[in-house]
Every structure is written in C-alpha cells, then in structure tokens.
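Below is one structure; the comments refer to it alone.
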Amino acid sequence: MDRQSITNTLASNIKFLRINTKVEKFNGKVKYMTQTDLAEFMNSKTQQVSKFELAKNQMSDIQLYKVAKTFGVSVDNLFTDMTKSDYKKTIKQDIYAL
C-alpha cells in the first residue's frame, strides 16, 4: 500500500466512525456526531477534522490516539477497512475529556 492509499483509508474510516457514532449532549439529546463534535473531543478545530476526512492533511500520533480513544477502537483498526463492520456507539459528551 502506498502512502496515499493509507491516508485515504484512514480518512474514510474517520468519517465512517464519526457518522456512525451518536453523542449524548448535556441536555440529554442524542444526535449523530458532527465534525465539530469530533474536533471538540480531539481538542482541535472543525476545519482540521474536515481536512482529515478529505485526506488533505495527515494526523499526528497524538491525534490518531485521540481519535482511536474517542471511538473505542485500536489505532491499528483505523488503518483497516471498517466500513463493513457493524460499528455503533453512543458517547456521553459530559464524561469525555481527552
């Protein structure tokens, strides 16, 4: 696998995980995770998450770790084809501090 295909797989997996993860907000409402939500969990900016999902930027080791921790997957899983899995998760926003 070349570098670009690895970056594309990672980008695809981040988007897949994000759109299949629900976030329970402070007010008790549950909705699917937005790029802004993921940016908050990563202590990053929405623009950065967008660029990761479009494979325009590469992630640092720390960012990879934060993404893996947020979604409860291993860093290795971020580089494998996850779109065929039955991943579903709900995160309580008030208990998450990365």
Side-chain angles (χ1 to χ4, degrees):
M1 239 185 186
D2 64 49
R3 185 179 206 159
Q4 190 58 49
S5 7
I6 292 170
T7 302
N8 289 341
T9 298
L10 176 62
S12 174
N13 285 339
I14 291 170
K15 184 173 184 176
F16 171 78
L17 290 167
R18 181 181 59 76
I19 65 176
N20 284 288
T21 298
K22 294 180 181 177
V23 178
E24 184 177 335
K25 296 293 190 173
F26 299 111
N27 60 9
K29 291 187 179 182
V30 178
K31 65 179 187 71
Y32 282 99
M33 184 181 282
T34 64
Q35 288 180 338
T36 302
D37 293 328
L38 181 55
E40 287 174 11
F41 288 126
M42 292 176 62
N43 197 23
S44 187
K45 295 182 179 177
T46 304
Q47 248 181 340
Q48 190 81 14
V49 171
S50 175
K51 288 180 180 180
F52 293 146
E53 288 186 1
L54 294 171
K56 291 187 176 187
N57 280 8
Q58 293 193 0
M59 301 181 86
S60 71
D61 296 345
I62 292 170
Q63 290 167 324
L64 282 169
Y65 171 77
K66 286 181 178 182
V67 168
K69 185 175 178 184
T70 297
F71 296 116
V73 298
S74 72
V75 172
D76 288 346
N77 283 351
L78 294 175
F79 295 96
T80 60
D81 183 16
M82 300 181 79
T83 57
K84 294 179 182 168
S85 70
D86 292 332
Y87 176 87
K88 297 280 184 209
K89 185 172 184 155
T90 302
I91 296 172
K92 289 189 178 213
Q93 189 175 39
D94 58 342
I95 62 166
Y96 243 85
L98 296 176

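This is a predicted model, so every value here is computed, not measured.
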Original post:
Do M33 and F16 share a hydrophobic cluster (ILVMFWY, side-chain heavy atoms under 4.5 Å, transitive)?
Top reply: yes
**OP:** Compare every heavy atom of L78 with every heavy atom of N13, then report the nearest pair and how far apart it is.
**Re:** ND2-O, 2.7 Å
**OP:** First locate atom CE of M59, then atom NZ of K51, and finally report the distance between them rounded to the nearest 0.5 Å.
**Re:** 14.0 Å
Subject >> CG/D2: more than 12 non-hydrogen atoms of other groups inside 6.0 Å >> reply: yes
Subject >> Residue pair T21 / T70, side-chain heavy-atom distance below 4.5 Å >> reply: no
Original post:
More than 12 heavy atoms of other residues, nucleotides or ligands under 6.0 Å from CD1 of I62: is that the case?
Top reply: no
Original post:
If every non-hydrogen atom of K45 is compared with every non-hydrogen atom of A39, which pair is closest and at what distance?
Top reply: C-CB, 3.5 Å
Original post:
Once you round to the nearest 0.5 Å, how far does CE of M42 lie from CD of Q35?
Top reply: 11.0 Å
Original post:
Shortest non-hydrogen contact from A11 to E53?
Top reply: CB-O, 3.5 Å
Original post:
Is there side-chain contact between R18 and F71, with at least one heavy-atom pair below 4.5 Å?
Top reply: yes
**OP:** Taking atom types as modelled, find out whether N8 and S5 have a side-chain donor-acceptor pair closer than 3.5 angstrom.
**Re:** no
Subject >> Backbone of S60 reached by a side-chain donor or acceptor of Q63 within 3.5 Å >> reply: yes
Subject >> Heavy-atom donor-acceptor pair, S12 side chain to T9 backbone, under 3.5 Å >> reply: no
Subject >> Inter-residue atom distance T7.OG1 - L54.CG, 0.5 Å rounding >> reply: 12.5 Å
Original post:
Do the side chains of F52 and L38 get nearer than 4.5 Å, heavy atoms only?
Top reply: no
**OP:** Compare every heavy atom of A68 with every heavy atom of S74, then report the nearest pair and how far apart it is.
**Re:** C-CB, 4.0 Å
**OP:** Would you indicate whether the side-chain heavy atoms of L10 and L64 approach each other to under 4.5 Å?
**Re:** yes
**OP:** Evaluate whether atom CZ of F79 has more than 12 neighbouring non-hydrogen atoms of other residues, nucleotides or ligands under 6.0 angstrom away.
**Re:** yes
Original post:
With T46, which of T36, D37, T34 fulfils side-chain hydrogen bond (donor to acceptor under 3.5 Å, both in side chains)?
Top reply: T36
Original post:
Does NZ belonging to K29 count more than 12 external heavy atoms closer than 6.0 Å?
Top reply: no
Original post:
Is V75 linked to V49 within one hydrophobic cluster, defined over Ile, Leu, Val, Met, Phe, Trp and Tyr using a side-chain heavy-atom separation of less than 4.5 Å?
Top reply: yes
